[in-house]
Amino acid sequence: MQIITVAQNKGGSGKSTVSKLVSTGLAKRGKRVLVLDLDSQCNLSSRFIQMDISNSAHRSKVPPLHPEVDEILLEDPEWSGRSSTADFFYGRVMYPYGTTVENLDLLPGSGDELPQVELVRSTEVVSKVHEQLRVGLRNEAFAEAYDVIVIDTDPSKGPLPTSALRAATHLIIPTGVDPMELEGLHGMLSMWKAENNRRSADDVLELIGILPNKIRNSVSTQKAALEDLQRGSLTGPLMFPGKLSLRSAFSDSDHEAIRFASVLDLPASDPARQEAQSVVDHVVMKLEGSRHV
Ligand SMILES: Nc1ncnc2c1ncn2[C@@H]1O[C@H](COP(=O)(O)OP(=O)(O)OP(=O)(O)O)[C@@H](O)[C@H]1O
Ligand SMILES: [Mg+2]
C-alpha cells in the first residue's frame, strides 16, 4: 500500500485541491483509493460528502451519520454511527464513507475531535499523535481494501501533519510562488529531510514533487519566481514537470455547491483538465517506479 501525504504549512497553497485531484485521478485509473482528511476545517471532506454541523459552540463540521449505519451496527453495536480520522488517535474501528467517484472512499475530518487530538502533553505527543497514524494504517484491513491512501493535512507544522509525514511513503508539496509561500516550501523541504534522517535507507519518504499551484502566467514576477524554482540546483530536480495555473475551473470544482465535480471530467481540450491530467500522470509514474509497493 502506498501512502501519499499532501503537505505545506502555508495556508491556501492548494493541499485540499491537490488531494482531491490526485485521489480522484488515481481512482479513475482503477486504483482503490482511500482519502483521509486530517484538517479540522474539513474542507476536503465537504468536497466529497455533505458534512453535518455540530452542536458545539464552534458549530464545527463533523461527519454525517454513515449511510450504512444500520448494517454496520448489526456487526458492531458499540459503534457511534460516525467515523472520522480522529478515530485513528483513539484506537477506534473506522468505517470509510463511499463517494460518488468509483473506487474512492473517504475518512472525513472532525471539527470537534481533531483539535482535541493535538491537546496532549509534550512528553506524550510522539506516542499519542506522531506515531499513531502510522500504526493505525498498518492494520491489515486497510492494506486489503486499498492500493493507495491520500492524506490531506492542515496548514501547520503541528502534531497532526507530523503524524501524516511519519505515516507516508510519498509526499507532494503544493505551493504558490509568492515569498511567504516559498518560505513555507523551504520549511516543508526541511521537514522532509528531517523525516528521512530518522528513517532507514529502505524506508525513505519519497518526494513525488513540488507542485507549483495558482500560477498567474501573465504576471512577470510569478513567471520569474517559477523559473527560479525550476532552475534552482536544490529545487529544480524536485519539481513536478507541470504546474496548475490560477484558473476558475479549479476553484469551481472545489465549490461545495458542486461538490462532486472534478476537473478531470472536463473536455480533453480544456487547459485545466490538461494541467490536472499531467499532475495525475506524474504521480502514477512516480508510484510505479517506487520502492514502496
Ligand atoms: N489552481 C487554482 N486556481 C484557482 N483556484 C485555486 C487553485 N488551487 C486552489 N484554488 C482555490 O484556492 C483556495 C485554497 O485552496 P485549497 O483549499 O486547496 O488550499 P489548502 O492548502 O488546502 O488550504 P488550507 O491551508 O486552508 O487547508 C480554494 O478556494 C481553492 O478552490
Ligand atoms: Mg486544505
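Atom set for the values below is all heavy atoms of this structure, side chains included, hydrogens, waters and symmetry mates excluded. Ligands are counted one by one from 1 in listed order, and the atoms in each one are counted from 1 as well.
Atoms of ligand 1 lying under 4.0 Å from at least one heavy atom of S245, given by number and element, are 1 (N), 2 (C), 3 (N). The ligand atoms of ligand 1 that sit less than 4.0 angstrom from a heavy atom of D39 are 27 (O). Counting atoms of ligand 1 from 1 in the listed order, those under 4.0 Å from a heavy atom of K214 are 1 (N), 2 (C), 6 (C), 7 (C), 8 (N), 9 (C), 10 (N), 11 (C), 12 (O), 13 (C), 14 (C). Residue-ligand proximity, N213 to ligand 1, at heavy-atom distances under 4.0 Å covers atoms 1 (N), 2 (C), 7 (C), 8 (N), 9 (C).
Summary of contacts: the protein heavy atom closest to atom 24 (P) of ligand 1 is G12 N, 3.5 Å. Here the heavy atom of the protein found nearest to atom 5 (N) of ligand 1 is S251 CB, 3.5 Å. When only non-hydrogen protein atoms are considered, atom 3 (N) of ligand 1 lies nearest to R247 N, 3.0 Å. Remark: minimum distance from atom 19 (O) of ligand 1 to any protein heavy atom is reached at G14 N, 3.1 Å. Scanning the protein heavy atoms around atom 18 (O) of ligand 1, the nearest turns out to be T17 OG1, 2.5 Å.
Among the atoms of S16, some N or O lies under 3.5 angstrom from an N or O of ligand 1. Geometrically, ligand 1 and L246 share no nitrogen or oxygen pair separated by less than 3.5 Å. Geometrically, ligand 1 and S248 share no nitrogen or oxygen pair separated by less than 3.5 Å. In terms of polar-atom proximity, N43 is not counted as a contact of ligand 1, lacking any N or O under 3.5 Å from an N or O of the ligand. Below 3.5 Å of separation, one finds no N or O of G11 facing any N or O of ligand 1. For ligand 1, none of its N or O atoms has an N or O atom of T153 under 3.5 Å away.
The Mg ion (ligand 2) has an N, O or S atom of S16 under 2.8 Å away, backbone or side chain.
Between E183 and K10 there is no salt bridge, since none of the side-chain N atoms of the basic residue sits less than 4.0 Å from a carboxylate O of the acidic one. For the pair D112 and K61, the salt-bridge criterion is not met [side-chain N within less than 4.0 Å of a carboxylate O]. The pair D147-K31 does not count as a salt bridge, with every side-chain nitrogen at least 4.0 angstrom from each carboxylate oxygen. The residues K28 and D265 are annotated as salt-bridged, a charged nitrogen and a carboxylate oxygen being separated by less than 4.0 angstrom. At a threshold of 4.0 Å, the pair E181-K214 does not count as salt-bridged, since none of the basic side-chain nitrogens sits closer than that to a carboxylate oxygen.
Atom CZ of R59 is surrounded by 12 or fewer heavy atoms from other residues, nucleotides or ligands within 6.0 Å. Annotation: N197, atom CG; neighbour count of heavy atoms from other residues, nucleotides and ligands within 6.0 Å is above 12. A 6.0 Å sphere centred on CE of M285 holds more than 12 heavy atoms belonging to other residues, nucleotides or ligands.
L171 and V283 end up in different hydrophobic clusters when Ile, Leu, Val, Met, Phe, Trp and Tyr side chains are linked at under 4.5 Å.
Not a single protein heavy atom sits closer than 4.0 Å to atom 29 (O) of ligand 1.
The two atoms that bring D37 and L114 nearest to each other are O-CD1, 3.9 Å, heavy atoms only.
Considering only heavy atoms from C-beta on, H66 comes within 4.5 Å of I72 through its side chain.
Closest to atom 17 (O) of ligand 1 by heavy atom, among K15, R47, Q41, is R47.
When heavy-atom distances to ligand 1 are checked against a 4.0 Å cut-off, V18 has no atom that comes that close, whether in backbone or side chain.
Not one N or O on the side chain of Q8 forms a donor-acceptor pair closer than 3.5 Å with the backbone of P155.
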